[in-house]
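Structure, as structure tokens:
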Amino acid sequence: MADRYDPQEIEKKWQQKWADDDLYKVRDDDPRPKWYSLTMFPYTSGDLHIGHWYNNIPADVHARYMRMRGYNVLHPYGFDAFGLPAENAAIKRGIHPFKWTMQNIYNMRRQVKSIGAVYDWSREIITCLPEYYKWTEWFFLKLYEAGLAYRARAPVNWCPDCQTVLANEQVVGEGVCERCETPVIRRDLEQWFFRITKYADELLNFDGIDWPERIKSMQRNWIGKSFGTEISFALDHPGVAEKEIKVFTTRPDTVFGVTFMVLAPEHPLVAGLTSPEKKAEVEAYVLKSRRQSEIERLSTEKEKDGVFTGAYCVNRLNGQKVPIWIADYVLLSYGTGAVMAVPAHDERDFAFAKKYRLPVPVVISPPDWDGRDLKEAYIEPGTMVNSGRFDGLPSQQGIDAVTAYLAEKGWGKRTVSYKIRDWLISRQRYWGAPIPIIYCKKCGTVPVPEKDLPVLLPEDAEFKPTGESPLKYHQQFFNTKCPKCGGPAERETDTMDTFVCSSWYFLRYTSPHYEKAAFDSAKMKHWLPVDFYTGGAEHAVMHLLYARFFIKAIRDIGIVDFDEPFLRLFNNGIILSGHEKMSKSKGNVVNPDDYVNSLGADTLRGYFMFLGPWDQGGEWDDSGISGMSRWMKRIWTLVLDDYKSAGSRGDLELARFTHRTIKKVTEDIEKIRFNTMVAALMEFTNYLGKVKDEGSVGNPAWDLAIKTLLLLLAPTAPHISEELWHRAGYDYSIHSQPWPHWNEDLVKEEEITLVVQVNGKVRDRIAAPASITGQEAVQTALDSARVQPYLEGKQVVNKIYVPGKLVNIVVK
RNA sequence: GCCGAGGUGGUGGAAUCUGGUAGACACGCCAUCUUGAGGGGGUGGUGCGCGUAAGCGCGUCGGGGUUCAAAUCCCCGCCUCGGCACCA
């Protein structure tokens with residue numbers, strides 16, 4: 001009798017030994033081919049929960065598999081430590097964010113180590129330490145020098161609860177803050193932006209990278225490229241210098257149907273255009289729309305309203321005077337912030353026109369139009385009417401024809417519009433990397449010289465949010481000298497969005513302690529780009545888009561020489577608890593420690609692998625975990641317990657099963673189908689149990705089968721496989737062994753189950769040699785006693801034979 | 001409204017890419033054996049209906065279609081989940 005399987009003991013033992021031996025230390029000069037496998041680093045807002053494990057474990061299994069396949073695998077771990085949530089949590093508890101964050105890291109690191117992953121802890125990075133954020137600041141300077149970071153006054157998303165601005169990507173759902181779910185409001189502020197819009201087109205190109213369709217489609221959607229026409233309406237108004245108003249439209253074929261113009265309330269021309277008698281009304285409306293939350297403003301339920309400015313412009317195509325209105329359904333941030341309203345052919349314009357009794361002339365005729373007024377907007381293609389020289393043209397052709405005519409006259413041109421906005425990176429908060437900029441009365445905006453980096457985040461600042469950056473009130477930080485003229489100057493007091501920190505962390509892992517630069521260039525070139533990147537899909541239009549932009553930007557600056565950071569992306573699903581995402585604030589987190597302490601890390605690892613397809617996620621349910629625990633015990637006794645008397649199971653059959661399992665497991669890991677990989681290993685275990693009961697153990701085929709089982713199990717359950725490997729007398733470590741190969745000859749079946757159908761219904765299953773010919777198979781089928789009754793009195797009209805599988809007899 | 005992913009036993013899921021034995025593997029449940037004490041173990045059964053059984057019929061969201069053969073391919077519809085959404 002072997003001793004009992006005691007996961008706590010063996011897991012602790014081997015983790016200690018692996019650490020002592022530096023077994024997972026990654027060498028840059030290893031001659032084997034490199035494989036950079038990265039899992040998204042966790043955010044340090046609290047303890048790890050099983051959602052993190054669900055992210056990390058299958059990635060670790062894959063990395064372990066690649067090691068055994070002979071690759072030099074870099075699979076590092078670190079912590080995303082700056083940012084709002086950590087700061088908010090710290091404030092709530094009355095502790096300093098640095099202390100809070102480092103406490104969390106201390107505990108998270110302990111938890112992560114308990115999973116027995118291959119992380120090389122000597123490469124750990126923490127983004128809130130000066131040795132890291134020095135280089136975040138450095139990248140900011142590089143982007144600034146290249147004109148890719150700029151400061152501008154703009155209407156921005158303001159979270160009243162977090163008391164800071166947010167990037168567009170961080171406003172989610174119905175206009176609420178991504179972190180605290182407070183409705184955001186609009187404010188006009190002077191802020192720092194990264195020019196991501198410059199890369200809009202390149203970011204739409206996913207050639208050469210293997211990403212899930214879902215993520216690509218979300219990014220395309222977010223970038224929102226649409227082709228259209230810019231049309232200039234003539235303006236002659238004493239209040240403004242401009243002689244035109246430009247609009248963007250995808251329907252230039254409807255331009256003869258324009259009956260009014262709508263500007264966004266924040267449009268710069270509004271003040272100048274408003275006539276004295278409309279002034280009060282317009283100003284009230286502008287104020288109202290500014291005060292509204294995004295939810296109210298963007299609600300499609302809300303009835304469209306607006307006010308007339310009293311001014312007019314001219315539609316150059318027909319010379320008509322067009323009244324200029326303002327309405328909050330027009331967005332300043334899209335197109336030109338001005339819309340030519342064609343009520344007959346746009347639902348929103350139609351509703352607006354009805355409300356304010358504006359004319360609705362039809363210029364695109366529906367196929368069977370009777371000439372009467374429309375009951376609703378007609379937005380489908382049709383025939384152009386009341387459109388001068390374009391009458392009779394199909395509207396699809398009209399789009400090009402009108403655009404060409406406008407271009408010829410100089411009144412417009414073909415153009416492209418994007419939904420994506422530049423990335424707003426300023427945060428009026430304490431817990432972030434300082435923006436390395438100094439404002440001097442004499443010299444203006446002056447970047448901090450590289451030699452003065454890092455601009456240290458002062459530890460003794462009063463960090464509670466006030467709506468302005470807390471650093472403004474820290475005199476030693478705020479007051480400084482101008483690097484150019486030496487005169488008195490002030491520091492930029494906003495900090496950077498934490499997504500800036502995570503836009504380059506995968507570069508730092510290649511040389512995490514390098515002091516002369518953000519990374520050692522030779523090492524970066526060796527490892528990058530990342531071969532396999534895994535993590536949750538919640539980052540589709542944030543981190544994953546920002547990181548792609550960042551790489552393209554620093555490529556153009558000459559810092560890196562590749563185009564895409566992540567060659568293959570796999571998005572794992574999300575583990576839910578109570579049908580919601582796990583989060584500390586919702587109080588529904590499930591802690592993995594209890595499972596590790598009671599059942600062991602290997603069991604929990606195996607359970608995550610077995611749950612279902614990794615990209616699916618789902619509700620957390622531990623009711624099946626006992627099955628995984630039983631399997632571990634079965635393997636334990638299978639390998640260690642004595643066996644019974646001699647039996648008769650053939651070596652060849654054993655070898656065949658072994659090789660078929662190698663093939664199945666290998667292919668499943670390659671295709672990231674971990675649940676069926678585990679199932680195959682379970683089947684193999686069940687089979688070996690039967691073989692053992694019959695007694696044919698102790699021979700070379702049995703030894704090979706057990707050895708293979710342990711090797712195939714090693715990535716999933718690294719501790720038990722190491723222990724059993726050791727006890728079976730093989731050399732340490734199982735994790736340094738090559739992955740087993742299969743012999744294709746042994747994988748082939750010798751015997752098949754011939755399925756016999758009559759008219760497509762299964763009537764018999766007959767064991768047959770794999771070498772059976774079509775003729776023999778059909779004859780076997782016809783001879784079957786089970787099949788005969790279905791043929792009686794019928795005429796056989798067709799016989800289908802699928803080699804190695806089935807015969808279908810078609811009768812009439 | 002638009003984009004994406006899905007819908008299979010009591011449950012998680014397999015088979016879908018490549019049309020060919022639906023329900024692998026596991027949980028749960030039922031029966032049975034084992035003095036068996038801390039998350040027991042063995043054996044058998046378990047889609048639904050009829051039947052002691054052999055077996056027969058019905059079954060992969062609904063409706064059509066293609067095919068000798070459809071969970072799988074095509075069309076229409078319904079539902080669920082995720083994302084985007086007054087984008088002119």
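All of these numbers come straight from a predicted model, not from anything done at the bench. Just so we're on the same page: letters track the sequence lines, and every chain starts at 1.
Distance CG (Asn759(A)) to P (rA70(B)): 11 Å, rounded to an integer number of Å. Taking atom CG on Asp594(A) and atom P on rG39(B), their separation rounds to 17 Å, with Å as the unit. Rounding to whole angstrom units, CG of residue Asp328(A) and P of rA88(B) are separated by 18 Å. Rounded to an integer number of Å, the gap from Arg220(A) CZ to rA5(B) P is 11 Å. Taking atom CE of residue Met632(A) and atom C1' of nucleotide rG41(B), one finds them 19 Å apart after rounding to whole Å. The distance from atom CD1 of Ile379(A) to atom C1' of rC2(B) is 12 Å, rounded to the nearest whole Å. Computed from coordinates, the Leu545(A) CG to rC84(B) C1' distance equals 14 Å when rounded to whole Å. The distance from atom CD of Gln219(A) to atom C1' of rG83(B) is 12 Å, rounded to the nearest whole Å.
Legend: residues meeting side chain to side chain contact (heavy atoms under 4.5 Å, CB included) with Glu9(A), ordered by chain and number and at least two apart, are Asp6(A). Legend: residues meeting side-chain hydrogen bond (donor to acceptor under 3.5 Å, both in side chains) with Tyr356(A), ordered by chain and number and at least two apart, are absent. Remark: Trp53(A) engages no residue in a ring-ring contact (aromatic ring centres under 6.0 Å, His included) (not counting sequence neighbours). Not a single side-chain hydrogen bond (donor to acceptor under 3.5 Å, both in side chains) links Asn759(A) to another residue, sequence neighbours left out.
Of the C1' atoms belonging to rA14(B) and rA26(B), the separation is 11 Å, rounded to the nearest Å. rC61(B) sits 8 Å from rG7(B) when the P atoms are compared, rounded to a whole Å. The separation of rG13(B) from rG47(B), taken at their C1' atoms, amounts to 15 Å, rounded to a whole angstrom. If you take atom P in rG62(B) and the same atom in rC78(B), they sit 15 Å apart, rounded to whole Å. Taking atom P on both rG49(B) and rG44(B), the two are 24 Å apart, rounded to the nearest angstrom. Straight-line distance between the P atoms of rU46(B) and rA54(B): roughly 10 Å, to the nearest whole Å. Taking atom P in both rA22(B) and rU34(B), the straight-line distance is 39 Å, to the nearest Å. With P as the reference atom, rA85(B) and rC17(B) are 35 Å apart, rounded to whole Å.
Candidate nucleotides rC86(B), rC3(B), rA88(B) were compared by shortest atom distance to the side chain of Ser217(A), and rC3(B) ranks first. Of the candidates rC68(B), rC84(B), rA88(B), rC68(B) carries the atom nearest the Val810(A) side chain, counting heavy atoms from C-beta on.
For Met218(A) and Glu213(A), each mapped to the nucleotide of RNA chain B holding its nearest heavy atom, the one lying further toward the 5' end belongs to Glu213(A). Both Val339(A) and Ile215(A) sit near RNA chain B, but only Ile215(A) has its closest nucleotide nearer the 5' end.
The partner of rG44(B) is rC30(B), judged by Watson-Crick or G-U wobble contacts that both fall below 3.5 Å. A 3.5 Å limit on both hydrogen-bonding distances identifies no Watson-Crick or G-U partner for rC17(B). With a 3.5 Å ceiling on both atom-pair distances, rU66(B) lacks any Watson-Crick or G-U wobble partner. Pairing for rG39(B) is absent, judged as Watson-Crick or G-U wobble with the two contacts each under 3.5 Å. Under the Watson-Crick and G-U wobble criteria, each requiring two contacts below 3.5 Å, nucleotide rG6(B) is paired to rC79(B). rA22(B): no Watson-Crick or G-U partner with both key distances under 3.5 Å is found in any strand. Pairing for rG1(B) goes to rC84(B), judged as Watson-Crick or G-U wobble with the two contacts each under 3.5 Å. Pairing for rG51(B) is absent, with no Watson-Crick or G-U wobble pair whose two atom distances lie under 3.5 Å.
Asp305(A) and Tyr285(A) share a donor-acceptor pair across their side chains, judged by distance under 3.5 Å alone.
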**OP:** Kindly indicate, with the supporting measurements, whether the criterion ring-ring contact (aromatic ring centres under 6.0 Å, His included) is fulfilled by Phe610(A) and Phe674(A).
**Re:** CA-CA 7 Å; Phe610(A) 188 54; Phe674(A) 298 134; over 10 Å; no
Subject >> Residue pair Ile752(A), Lys805(A): steps toward the side chain to side chain contact (heavy atoms under 4.5 Å, CB included) verdict >> reply: CA-CA 7 Å; Ile752(A) 58 157; Lys805(A) 280 202 174 137; over 6 Å; no
**OP:** Apply side chain to side chain contact (heavy atoms under 4.5 Å, CB included) to Lys799(A) and Val778(A), showing your working.
**Re:** CA-CA 7 Å; Lys799(A) 288 167 284 192; Val778(A) 169; 3.4 Å; yes
Original post:
Between Glu751(A) and Glu749(A), does a side chain to side chain contact (heavy atoms under 4.5 Å, CB included) hold up when you go through it step by step?
Top reply: CA-CA 6 Å; Glu751(A) 196 175 73; Glu749(A) 305 277 352; over 6 Å; no
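Nearest heavy-atom pair, Asn168(A) versus Trp222(A), reported as atom, atom and distance to 0.1 Å: O-CH2, 3.7 Å.
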Subject >> Sequence-aligned protein contact record of nucleotides 11-34 of chain B, with B where the base is within under 4.0 Å of a protein heavy atom and S where only the sugar-phosphate is >> reply: -BSS-----BBS-BBSSS------
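Ion pairing of Glu683(A) with Lys664(A) is absent here, as no side-chain N (NZ or NE/NH1/NH2) approaches a carboxylate O to less than 4.0 Å.
Ring pair Phe206(A)/Trp211(A) is tilted by interplanar angle, where 30° to 60° counts as tilted.
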Please list, pair by pair, any protein nitrogen or oxygen found under 3.5 Å from a nitrogen or oxygen in nucleotides 52-61 of chain B.
| residue | atom | partner | partner atom | Å |
| --- | --- | --- | --- | --- |
| rG55(B) | OP1 | Arg786(A) | NH1 | 2.5 |
| rC56(B) | OP1 | Tyr790(A) | OH | 2.6 |
| rG57(B) | OP2 | Arg763(A) | NH1 | 3.3 |

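Glycosidic conformation of rG9(B) is syn; the angle stays within 90° of 0.
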